[in-house]
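If you read the sequence from its start, that first residue is 1, and numbering goes on from there. Counting starts at 1 for both ligands and their atoms, following the listed order.
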Amino acid sequence: MSRNIKAVIPAAGLGTRFLPATKAMPKEMLPVVDKPAIQYVVEEATAAGIDDILIIIGRNKHNLANHFDSVPELEDNLRNKGDQGRLARVQESTELADIHYVRQGEPRGLGHAVLRARAHVGDSSFAVMLGDDLIDERDPLLETMIAEHEKRAAIVIALMEVDPDHIHLYGAAAVEPTDTPDVVRITGLVEKPAVEDAPSNLAVIGRYLLSPAVFDILERTEPGKGGEIQLTDALQELAADPEGPGVYGVVFRGRRYDTGDRVDYIKAIMQLAVDREDLGPELRPWLKEFAADL
Ligand code: G1P
């Protein structure tokens with residue numbers, strides 16, 4: 001299965017919340033159990049039939065590009081030892097997708113990073129996938145978003161109900177229902193509002209199904225929250241356009257792992273590891289004992 005939809009993964013942030021680990025490495029390369037976070041995102045894209053992926057990179061390009069490339073000496077070494085299991089795990093990331101890279105240059109915000117994808121994306125629809133949000137492969141989201149995007153010929157973004165005390169960390173959406181459960185029409189978007197200004201507790205999570213129309217808007221979007229060019233602001237303009245096809249939201253109720261800050265990152269690793277067949281049986285009893293002593 002291959003679709004005429006490309007994926008864009010912004011990975012040019014400074015990763016300041018994880019210093020010093022991210023001093024010489026993009027935060028998207030931090031391991032979640034035994035795979036870099038960005039590999040989960042690439043796997044999620046390919047599982048939804050997207051095999052053309054553009055990664056927007058910052059100054060630490062090499063780690064990322066090396067990860068998705070082959071390593072002949074390591075592969076020869078494992079082959080000579082007959083270690084087929086590890087060889088397969090090393091080769092997995094090379095064979096996943098057709099991966100391209102573009103530098104963001106100056107880090108001027110998510111909207112600016114997305115704009116850097118314009119030449120590669122051209123006239124097709126594209127998915128923007130943020131590496132801080134990992135979606136459990138057992139609860140597919142992107143497939144549903146693609147189906148809604150195709151059905152409505154409109155932009156579709158992923159939303160999730162969050163505790164109102166956390167809405168200031170996200171883009172927040174004002175919505176009205178549609179005739180499809182868990183699909184809403186977005187009437188307004190605000191980037192990281194204070195709780196009293198938030199239109200709802202529906203937060204934008206890092207999956208967007210966009211059409212190229214967003215590029216023209218991003219070209220003239222002024223810096224917003226935090227002095228950065230915000231994707232949320234461009235989408236708000238499209239949502240407010242009465243002539244346009246509108247912006248829709250898919251409300252996700254599955255398992256999402258936030259790796260954006262240190263505590264959430266540690267939780268994500270534990271949640272994923274206890275569910276793994278190779279690690280869970282050893283980890284679960286230890287974790288119970290450890291927690292009982294806290
Ligand atoms: C970005 C977006 C925000 C969205 C969030 C999801 O913020 O600007 O609207 O809710 O991703 O993770 P960031 O977390 O990169 O500051």
Side-chain angles (χ1 to χ4, degrees), residues 7-18 22 26-28 30 32 37-38 40-41 44 55-58 104 107-117 127-136 141-142 145 155-175 184 186-195 197-210 214 217-218 221-239 247-252 254-265 267-268:
V8 174
I9 307 178
L14 296 176
T16 44
R17 277 178 278 191
F18 288 91
T22 48
K27 70 170 178 210
E28 289 76 8
L30 289 174
V32 176
I38 198 165
Y40 290 85
V41 181
E44 184 192 334
I55 303 182
I56 316 288
I57 46 171
Q104 185 175 358
R108 293 170 57 203
L110 179 58
H112 177 249
V114 170
L115 197 49
R116 299 289 294 129
V128 170
M129 306 174 73
L130 306 187
D132 280 353
D133 293 292
L134 303 186
I135 303 296
D136 197 298
L141 166 64
L142 204 52
M145 294 176 68
I155 284 174
V156 178
I157 64 185
L159 301 174
M160 199 162 184
E161 286 176 1
V162 298
D163 186 321
D165 287 344
H166 294 159
I167 198 74
H168 69 281
L169 301 169
Y170 299 93
V175 303
V184 290
I186 293 179
T187 56
L189 282 166
V190 198
E191 179 66 6
K192 304 201 174 92
V195 61
D197 301 328
S200 75
N201 69 333
L202 283 171
V204 178
I205 54 170
R207 298 293 178 272
Y208 308 77
L209 225 301
L210 303 178
V214 79
I217 314 250
L218 282 170
T221 300
E222 296 286 334
K225 193 97 190 177
E228 297 192 337
I229 298 173
Q230 298 291 351
L231 181 57
T232 304
D233 293 345
L235 295 174
Q236 154 62 20
E237 192 172 326
L238 287 162
V247 177
Y248 289 82
V250 167
V251 181
F252 182 60
R255 285 160 281 197
R256 161 181 169 264
Y257 311 100
D258 183 353
T259 63
D261 73 30
R262 289 173 299 177
V263 170
D264 286 331
Y265 169 74
K267 286 186 200 166

Counting both backbone and side chain atoms, is some N or O of Arg256 under 3.5 Å from an N or O of ligand 1?
no
What distance separates Thr232 OG1 from Ile157 CD1, expressed to the nearest 0.5 Å?
7.5 Å
Please test Leu210 against Leu235 for side chain to side chain contact (heavy atoms under 4.5 Å, CB included), starting from the C-alpha separation and ending with a verdict.
CA-CA 9 Å; Leu210 303 178; Leu235 295 174; 3.7 Å; yes
Show me which atoms of ligand 1 lie under 4.0 Å from any heavy atom of Thr232.
9 (O)
Is atom 15 (O) of ligand 1 less than 4.0 angstrom from at least one protein heavy atom?
no
Sub-4.0 Å atoms of ligand 1 with respect to non-hydrogen atoms of Gln230
8 (O)
Between Arg256 and Asp133, does any side-chain N to carboxylate O distance fall below 4.0 Å?
yes
Spatial distance of atom CG (Leu134) from atom CZ (Arg255) [nearest 0.5 Å]:
13.5 Å
Those residues at least two apart in sequence (or on a different chain) that pass ring-ring contact (aromatic ring centres under 6.0 Å, His included) with Phe18 are Tyr265
Starting from atom 2 (C) of ligand 1, find the nearest protein heavy-atom neighbour and note its residue, name and distance.
Glu191 OE2, 3.6 Å
If you count heavy atoms of other groups shown closer than 6.0 angstrom to CZ of Arg262, is the number above 12?
no
Spacing of Leu130 atom CG and Thr259 atom OG1 [to the nearest 0.5 Å]:
10.0 Å
Examine ligand 1 and decide if any of its atoms is less than 4.0 Å from a heavy atom belonging to Lys192.
yes
Is Tyr170 in polar range of ligand 1, meaning some N or O pair under 3.5 Å apart?
no
What I want to know is whether Gly206 and ligand 1 share at least one N or O pair that is separated by under 3.5 angstrom.
no
Strictly distance-based, threshold 3.5 Å: is any side-chain N or O of Gln230 a donor or acceptor partner for the main-chain N or O of Lys225?
yes
With heavy atoms under 4.0 Å as the rule, classify the contact between Leu130 and ligand 1 as side chain, backbone, both or neither.
side chain
Closest non-hydrogen protein atom to atom 12 (O) of ligand 1, residue and atom name please, with distance?
Asp133 OD2, 2.9 Å
Heavy-atom distances under 4.0 Å are what count here, so tell me which part of Val204 touches ligand 1: side chain, backbone, both or neither.
both
